[in-house]
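Read the structure below first, then the notes.
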There are 2 protein chains.
Amino acid sequence: MKPIAIGELSRQAAVKVPTIRFYEERGLLPRASRTEGNRRTYGAADVRRLRFIRHARELGFEIEDIRALLDLAEQPERPCGEVDAIARRHLADIDDRIARLAGLRAEVQAMLDECSRGRVRECRIVEVLADHGECLHEEH
Amino acid sequence: MKPIAIGELSRQAAVKVPTIRFYEERGLLPRASRTEGNRRTYGAADVRRLRFIRHARELGFEIEDIRALLDLAEQPERPCGEVDAIARRHLADIDDRIARLAGLRAEVQAMLDECSRGRVRECRIVEVLADHGECLHEEH
DNA sequence: CTTGCTCCTCTAGTCGCTAGAGGAAGTAGG
DNA sequence: CCTACTTCCTCTAGCGACTAGAGGAGCAAG
């Protein structure tokens, strides 16, 4: 029940001090109460909330989604469809990014495979970059 | 041989006008010569150079790498080892990102699989986020 | 001459932090 | 009580690669 300082919160939630202040400013954490000397004080609920935020960030959720997830987590009687929807959207987003990266990977690999390690003059990598027609890339 | 305006360059290279100015400021494109009325003018070489930049960006190379690639492309007699090295580093970077995303994907998918579509109270997604111990995540 | 398009410069915003300046408050030891 | 050290405060600026917008000037066609 004893309040802790921002540095202690930082250690307990494994989130850096400036990041905590940043989350407060962005409204993910409530405005912390202050000591007489104007220092932020926190309690157990803040540790839990900040850990939640960190886990969500580690999983790649963005701030807006986390804000929504936190709101929903506070309403335990509601159906969890919205939580689900956010996670599903995030999954789709990850899949998109993987697909795009896999495409890039294939192209860069193809360039490297064709490079005969001669001079820049006949380097296929440079040629492909200079003339888009030569590569697989076809996105708009 | 007739000079073209920035809008025409934009169309021919498929790069937006503000982005062209941005590249100039960053030194990827040489400072364009100007008309009497202070408008930038370009020639065929600029179109080629800007296309090169666009292709490299589409493949995910970052500005610094592209700057190096452009420098190298102008020295055709040098061995292409450095070009190769840049591409190889980029490939490794892509692989890293794919691996990390694949990890995230698995975790988010696992959360979704466990969600029984009930109320937020018993939603596994919220639980996993709230208690890191429950998830696969183990980094750092 | 007027309409409408293109162009100019400059500033600020995106995302999620991170780094640093410059100063005040708290704590431990002598 | 004094000093040294750590922690904390606010504020500003930077990252990467643009994008958006303000406010104004040039230019071509009718």
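Letters A, B, ... mirror the listed sequences (proteins, then strands); counts begin at 1. These numbers come from a predicted model, not from an experiment.
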**OP:** Could you encode protein contacts along nucleotides 3-11 of chain C as a string, one character per nucleotide from 5' to 3', using B for base contact, S for sugar-phosphate-only contact and - for no contact, with a heavy-atom cut-off of under 4.0 Å?
**Re:** ---BSSB--
Where do N or O atoms of nucleotides 17-22 of chain D meet protein N or O atoms at under 3.5 Å, pair by pair?
{"from": "D:dA17", "atom 1": "O3'", "to": "B:Arg57", "atom 2": "NH2", "distance (Å)": "3.4"}
{"from": "D:dC18", "atom 1": "OP2", "to": "B:Tyr23", "atom 2": "OH", "distance (Å)": "2.7"}
{"from": "D:dC18", "atom 1": "OP2", "to": "B:Arg57", "atom 2": "NE", "distance (Å)": "2.8"}
{"from": "D:dT19", "atom 1": "OP2", "to": "B:Thr19", "atom 2": "OG1", "distance (Å)": "3.0"}

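- Remark: nothing in residues 85-97 of chain A comes within less than 4.0 Å of DNA chain D through any heavy atom.
- The list of ring pair (Phe, Tyr, Trp, His ring centres under 6.0 Å) pairs with a residue in residues 25-46 of chain B, not counting sequence neighbours, is empty.
- Distance, A:Leu9 CG to D:dC9 P: 11 Å, rounded to whole Å.
- Straight-line distance from the CD atom of A:Glu24 to the P atom of D:dC8: 14 Å, rounded to whole Å.
- More than 12 heavy atoms of other shown residues, nucleotides or ligands fall within 6.0 angstrom of atom CZ in A:Arg117.
- Within the structure, ring pair (Phe, Tyr, Trp, His ring centres under 6.0 Å) pairs that include any residue of residues 62-98 of chain A comprise A:Phe61-A:His90 (at least two apart or interchain).
- Each ring pair (Phe, Tyr, Trp, His ring centres under 6.0 Å) pair with one or both residues in residues 98-129 of chain A, not counting sequence neighbours, would appear here, but there are none.
- Nucleotide C:dC15 holds its P atom 17 Å from the CD1 atom of A:Ile53, rounded to whole Å.
- Under the salt bridge (Lys or Arg N to Asp or Glu O under 4.0 Å) criterion, A:Asp93 pairs with A:Arg97, not counting sequence neighbours.
- With sequence neighbours left out, the side-chain contact (heavy atoms from CB on, under 4.5 Å) criterion links B:Glu64 to B:Arg67.
- In terms of the salt bridge (Lys or Arg N to Asp or Glu O under 4.0 Å) criterion, residue partners of A:Glu77 (sequence neighbours excluded) are, by chain and number, B:Arg121.
- Residue pairs meeting the salt bridge (charged side-chain N to carboxylate O under 4.0 Å, His left out) criterion with at least one member in residues 42-51 of chain A, sequence neighbours excluded: A:Arg49-A:Glu74.
- Going from atom CG of A:Leu50 over to atom C1' of C:dC17 covers 14 Å, rounded to whole Å.
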Validation: residues 13-25 of chain A side-chain donor-acceptor distances under 3.5 Å, sequence neighbours left out:
{"from": "A:Glu24", "atom 1": "OE1", "to": "A:Arg40", "atom 2": "NE", "distance (Å)": "3.0"}

If you look only at distance, which donor and acceptor atoms sit under 3.5 Å apart when one is on a side chain in residues 79-89 of chain A and the other is two or more places apart or in another chain?
{"from": "A:Glu82", "atom 1": "OE2", "to": "A:Arg78", "atom 2": "NH2", "distance (Å)": "2.4"}
{"from": "A:Asp84", "atom 1": "OD2", "to": "A:Arg88", "atom 2": "NH2", "distance (Å)": "2.1"}

